[in-house]
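First comes the structure, then the notes that go with it.
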Amino acid sequence: MNFSELFKQSNQLCRLSPDGRYSAACVQYRLIIRDAHTLQVLHLYTCLDQIQYIEWSADSLFLLCAMYKRGLVQVWSLEQPDWHCKIDEGSAGLVASRWSPDGRHILNTTEFHLRITVWSLCTKSVSYIKYPKACQHGVDFTKDGRYMALAERRDCKDYISIFVCSELQLLRHFETETQDLAGIEFSPNGCVLAVWDSCLEYKVLLYSLDGRLLSTYSAYQWSLGVKSVAWSPSSQFLAIGSYDEKVRILNHVTWRMIVELEHLPTIKDSKSVIYKEVESRPDIAAGVLSLPPLASSLFSSESKYEICQPPVQVPIVKPDPDRANPKLGVGMIAFSPDNRFLATRNDNMPNTVWIWDAQRLKQFVVLEQISAVRSFQWDPRRARLAICTGSNKVYLWSPAGCLSVQVPAEGDFQVLSLQWHPSGDSLILMSKDQMCVCYLEPADES
């Protein structure tokens, strides 16, 4: 593994372009475009205010910068650096902005979710979509970019509208059987739309593109319900993370549950491998204390993984019942790109990553970290998981094993989030106000 030097960034706003050629980073109101491989600065843009959100267009030719406080969006072109676009929502305000799949239209959601404004970069025309639902996952596109699903709220009822993206033409509009819709997500093949209710009612609904209700799933009643949802890349499975600390997997044929995966406080399964991170401080000679900061940081605490034999007790954090959004239930869930594995984190077991064999539907590996897991992400090309915990280390797991690598950075560089390069050959590691690139050598692959 090799690491680049540190670069400034703000609020972890670093994004790799979909084609993998460029990286974009924000520093306050400045936008810096670099070559993703050489890290040479290619463009430097200045926005009208502090940037709060950035997003690449699907063809990697444009970059959107949103400044929610000012109700502004600025768009920059990589092909024509002198060209730029400014969108001002005025008194309507701005709470969200994103690209349409064609990379030539921008969807802005106004304050209080009064409407979605669709701006065309080609014709400079404007159109409006009324009644968008105020929820975290209220808009989704099919993977091929042909259709858009929008959650709506009208007359105290939930609806879904399906649009053809090319002309933003309404294809279907139908009412959903939800009390308070919380999110929607298309299957990767674009054939099925998953819709789930708020955490107060356990309900997951599966709809076809023409609005037919294919199936309804509810695991239990009178308790907090769905917390996270993830499709498998093959669209064969839908994994549902729940507040009862279990993951339930539905199959695409009958939409019935085929397995219930439990996050048990005591791991007794002798067939699963349990890795535990242990920390050690090397002996530091007296002369080392006079070394410069970068050199002395190499002698800070190191960690490695040890294999534990079951039974093993998993550290548990008891949720505070008096606080909103309790740290309880399966809040992070993701399939590997080859459909072989499923990674999960149960929020009241924050230091533990569970990896399940998605083919045998059994527990495969458990990783117990010293600190709480902040984020994990699968390599887009192979079954390899990167994990960060807010420490100065990055962790990698593959079926061949796992390792802990310290970032050789000067000062206190804490990895709070990470992002894979589309090729899987490198990782962007982000702290609060800095970033670096971790290059993975072929020997690290498995």
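For the pair F7 and C14, the minimum side-chain heavy-atom distance is 4.5 Å or more. Taking 4.5 Å as the limit, some side-chain heavy atom of M349 sits within range of a side-chain heavy atom of E245. Side-chain contact between L396 and V405 is absent, with no heavy atoms from C-beta onward closer than 4.5 Å. Under the 4.5 Å side-chain criterion, counting only non-hydrogen atoms from C-beta, L429 is in contact with F413. Considering only heavy atoms from C-beta on, V139 comes within 4.5 Å of F141 through its side chain.
Without hydrogens or angle criteria, N346 side chain to H263 main chain gives no donor-acceptor distance under 3.5 Å. Side-chain atoms of D197 do not come within 3.5 Å of backbone N or O of K203 as any donor-acceptor pair. S235 places a side-chain N or O within 3.5 Å of a backbone atom of N189 that can act as its donor or acceptor partner. Checked by atom type and distance alone, the side chain of S228 pairs as donor or acceptor with a backbone atom of V330 at under 3.5 Å. With hydrogens and angles ignored, the 3.5 Å screen pairs a side-chain donor or acceptor of Q377 with a backbone N or O of W420. Put simply, the side chain of T110 never gets that close to the backbone of A92: no donor and acceptor are under 3.5 Å apart. The backbone N or O of S417 sits nowhere less than 3.5 Å from a side-chain atom of S375 that would complete a donor-acceptor pair.
The pair K157-D155 does not meet the salt-bridge criterion, since no charged nitrogen lies less than 4.0 angstrom from a carboxylate oxygen. The residues K432 and D412 are annotated as not salt-bridged, no charged nitrogen and carboxylate oxygen being separated by less than 4.0 angstrom. The pair K133-D180 meets the salt-bridge criterion, with a side-chain N (NZ, NE, NH1 or NH2) lying under 4.0 Å from an Asp/Glu carboxylate O.
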With a cut-off of 3.5 Å and sequence neighbours excluded, list every side-chain donor-acceptor pair involving residues 304-315.
unit_1: Y305; atom_1: OH; unit_2: Q369; atom_2: OE1; d: 2.6
unit_1: Y305; atom_1: OH; unit_2: Q369; atom_2: NE2; d: 3.3
unit_1: Q313; atom_1: OE1; unit_2: T266; atom_2: OG1; d: 2.4

Checklist entry - After noting the C-alpha distance and the side-chain angles of Y131 and Y159, does the key distance pass the ring pair (Phe, Tyr, Trp, His ring centres under 6.0 Å) rule? => result CA-CA 10 Å; Y131 315 114; Y159 295 86; 9.1 Å; no
Checklist entry - Does the salt bridge (Lys or Arg N to Asp or Glu O under 4.0 Å) test come out yes or no for D379 and R384, once each step is laid out? => result CA-CA 5 Å; D379 180 332; R384 180 166 58 180; 2.9 Å; yes
Next on the checklist: Please determine whether side-chain hydrogen bond (donor to acceptor under 3.5 Å, both in side chains) holds for the pair Q363 and D269, giving the CA-CA distance in whole Å, both sets of side-chain angles, and the decisive distance to 0.1 Å.
Outcome noted: CA-CA 8 Å; Q363 184 176 291; D269 187 0; 4.7 Å; no
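Geometric assessment of R340 against the ring of F364 yields a negative cation-pi assignment under the 6.0 Å and 45° thresholds.
At a cut-off of 3.5 Å, with distance as the only test, no side-chain donor of S391 or S371 sits close to an acceptor on the other residue. If you check the side chains of D102 and H105, you find a donor sitting under 3.5 Å from an acceptor.
Heavy-atom contacts from other residues, nucleotides or ligands closer than 6.0 Å to CZ of R360 number 12 or fewer. Enclosure of atom OH in Y128 by more than 12 non-hydrogen atoms of other residues, nucleotides or ligands within 6.0 angstrom is indicated. At most 12 non-hydrogen atoms from other residues, nucleotides or ligands lie less than 6.0 angstrom from CZ of R146.
The two residues L107 and I116 make their nearest non-hydrogen contact at CB-CG2, 4.0 Å. Across Q9 and Q12, no two heavy atoms sit closer than the pair OE1-N, 2.8 Å. Scanning both residues, P337 and R382, for their nearest heavy atoms gives CG-O, 3.5 Å.
Aromatic pair F186/Y147: ring centres not closer than 6.0 Å.
The aromatic rings of H137 and W196 are tilted relative to each other, their planes meeting at an angle between 30° and 60°.
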